[in-house]
S.K.: 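I have a structure I would like to understand better, so I am pasting it below and will then ask my questions one at a time.
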Amino acid sequence: MDQLVVKLPSLLFQPFAVQPSRGSAMDAELYPYRSLRAGDIRFVYYRMGSGGPPIILLHGWPQTSHAWRRVAGPLSSAYDVVVPDLPGFGYTSKPDAGFDKKTIARRLREFAHGLGLSRVALAGHDLGGHVAYAYAAQWPEEVNNLIFIESSLPSFGQEEAMDVSKGGSWHFGFNMAGDISEELVRGREKLFVDHFMRREKVGLFDANSVSDADIEFYARALQRPGALRSSFSYYRTLPIDRRDNSAWGQTPLPMPVLAIGADWGYGAASEQTVRRVAKDVQGAVIERCGHYPAEERPDELARLIADFLAKTPSATHPAPQR
């Protein structure tokens, strides 16, 4: 597996150099992005910290690794923090197929092994939580801890969030609709991202906690060739995920799990989902926060993660040598 540091076009990564968004605790410095080919995927990622246990942070939709910019720094003082763009997002490869979370998790595991990480903690937000669960369910001996943030799982609660007749979000069906989804969004990516991040329900609690530059960043990422198709494919494979989750759920996860919700997002639903598939579960709900806690409450989210890892026995495993 080939690994190199890449200097990516400044246009896409410019938001890392902007001033902190109003209401934010901090902005990260401009990280050197790296590239690693693992199997058939070229992962783009950044890495911070040294000597501590490794943790991989997985973003949700419609975001990229940029979502973790204010969380990675605080965690890096004690942990080896790895933050990739998931397959299909940002500058990571956009394959033709394989967006079911079982396959995405396999590709992520190949990436982790390419970095020399045989045991990791995983933190996943939104669809990143789906991927983190699929990784932990398939290779529980390789996952020290799981942090499941503002998400639920097909077969274990996601269906309620998808049911518009009961107040669920329409975007699940829209994103699964096929080619028409891309055609309706193409050229309107900024409007699309802005709506979902700043909408009243399961959006931001404080609409100003994400800057216009951040919205533009995510919109430009979706404008890359194949990006809309890839991001929607995470939803189009939910029926496959439902079958896989049903099978994996028969064996509860053995590792400690922290489920984090937000009172203006999923609330207690994240913990309710995880308690159906894991044995050792802790829960937390962040107040005055919407669906994007890494953007709105980065310090509180980082503190919850760090405290959880410090207090759970498996967090003491030494990090593999780089």
S.K.: Out of curiosity, D179 CG to L228 CG, how far, rounded to the nearest 0.5 Å?
M.R.: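 Answer for the CG-CG pair, D179 versus L228, is 11.5 Å.
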S.K.: I'd like to know if D40 pairs up with R107 as an ion pair, taking the criterion as any Lys NZ or Arg NE/NH1/NH2 lying under 4.0 Å from an Asp or Glu carboxylate oxygen.
M.R.: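 Salt bridge between D40 and R107, a charged N being under 4.0 Å from a carboxylate O: yes.
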S.K.: Using the six-membered ring wherever Trp is involved, compare the ring planes of W170 and H195 and label them parallel, tilted or perpendicular (cut-offs 30° and 60°).
M.R.: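 Ring orientation of W170 relative to H195: tilted.
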S.K.: Under the salt bridge (charged side-chain N to carboxylate O under 4.0 Å, His left out) rule, what pairs show up with a residue in residues 227-242, not counting sequence neighbours?
M.R.: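 Every salt bridge (charged side-chain N to carboxylate O under 4.0 Å, His left out) pair that includes a residue of residues 227-242, provided the two are not neighbours, is K101-D241, E159-R242, E182-R236.
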S.K.: Which ring-ring contact (aromatic ring centres under 6.0 Å, His included) pairs, counting each pair once, include a residue from residues 255-275, with sequence neighbours left out?
M.R.: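 For residues 255-275: F205-W264, Y266-H291.
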S.K.: So that I can tick it off, tell me whether D212 and R198 are bridged by a salt bridge, with the cut-off set at under 4.0 angstrom between side-chain N and carboxylate O.
M.R.: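 Result for this pair is yes, salt bridge flagged.
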S.K.: Taking the six-membered ring of Y91 (Phe, Tyr or Trp), confirm whether the NZ or CZ of R224 is under 6.0 Å from its centre and within 45° of its axis.
M.R.: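 Yes - R224 lies over the ring of Y91, closer than 6.0 Å to its centre and within 45° of its axis.
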S.K.: Return yes when atom NZ of K102 has more than 12 non-hydrogen atoms of other residues, nucleotides or ligands closer than 6.0 Å, and no otherwise.
M.R.: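 No, not enclosed.
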S.K.: Taking only residues two or more places apart in sequence, or in another chain, which ones meet F43 in a ring pair (Phe, Tyr, Trp, His ring centres under 6.0 Å)?
M.R.: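 For F43, the residues satisfying ring pair (Phe, Tyr, Trp, His ring centres under 6.0 Å) (neighbours in sequence not counted) are F111.
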S.K.: Check the hydrophobic clustering (I, L, V, M, F, W, Y; side-chain heavy atoms under 4.5 Å; chains of links allowed) and say if M162 and Y234 are grouped together.
M.R.: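 The answer is yes; both residues are in one hydrophobic cluster.
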S.K.: Looking at S181 and F174, would you say the former's side chain and the latter's main chain have a donor-acceptor pair under 3.5 Å?
M.R.: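 Indeed, once roles are kept as given, a pair shorter than 3.5 Å links the two residues.
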S.K.: So how far is it from W139 CH2 to R119 CZ, rounded to the nearest 0.5 Å?
M.R.: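 Taking CH2 in W139 and CZ in R119, the distance rounds to 15.0 Å.
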S.K.: By the rule that ILVMFWY residues connect when side-chain heavy atoms come within less than 4.5 angstrom, directly or transitively, which residues belong alongside L191?
M.R.: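 Listed partners: none, L191 stands alone.
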S.K.: Output all residues satisfying side-chain contact (heavy atoms from CB on, under 4.5 Å) with Y235, sequence neighbours left out; order by chain, then residue number.
M.R.: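 For Y235 the side-chain contact (heavy atoms from CB on, under 4.5 Å) partners, ignoring immediate neighbours, are W61, D126, L127, H171, F172, N175, M176, L238.
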S.K.: Is the shortest side-chain N to carboxylate O distance from R69 to E295 below 4.0 Å?
M.R.: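 So R69 pairs with E295 through a salt bridge.
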S.K.: Can you check whether S155's main-chain N or O pairs, donor with acceptor, with S246's side chain at less than 3.5 Å?
M.R.: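 Here the side-chain-to-backbone pair does not exist.
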S.K.: Can you list every salt bridge (charged side-chain N to carboxylate O under 4.0 Å, His left out) pair that touches residues 270-285, not counting sequence neighbours?
M.R.: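 Listed once each, the pairs are E271-R275.
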S.K.: Assess the residue pair Y133 and S151 against the criterion (side chain to side chain contact (heavy atoms under 4.5 Å, CB included)); give the C-alpha distance rounded to whole Å, side-chain angles, the decisive distance to 0.1 Å, and a yes or no.
M.R.: CA-CA 11 Å; Y133 172 70; S151 190; over 6 Å; no
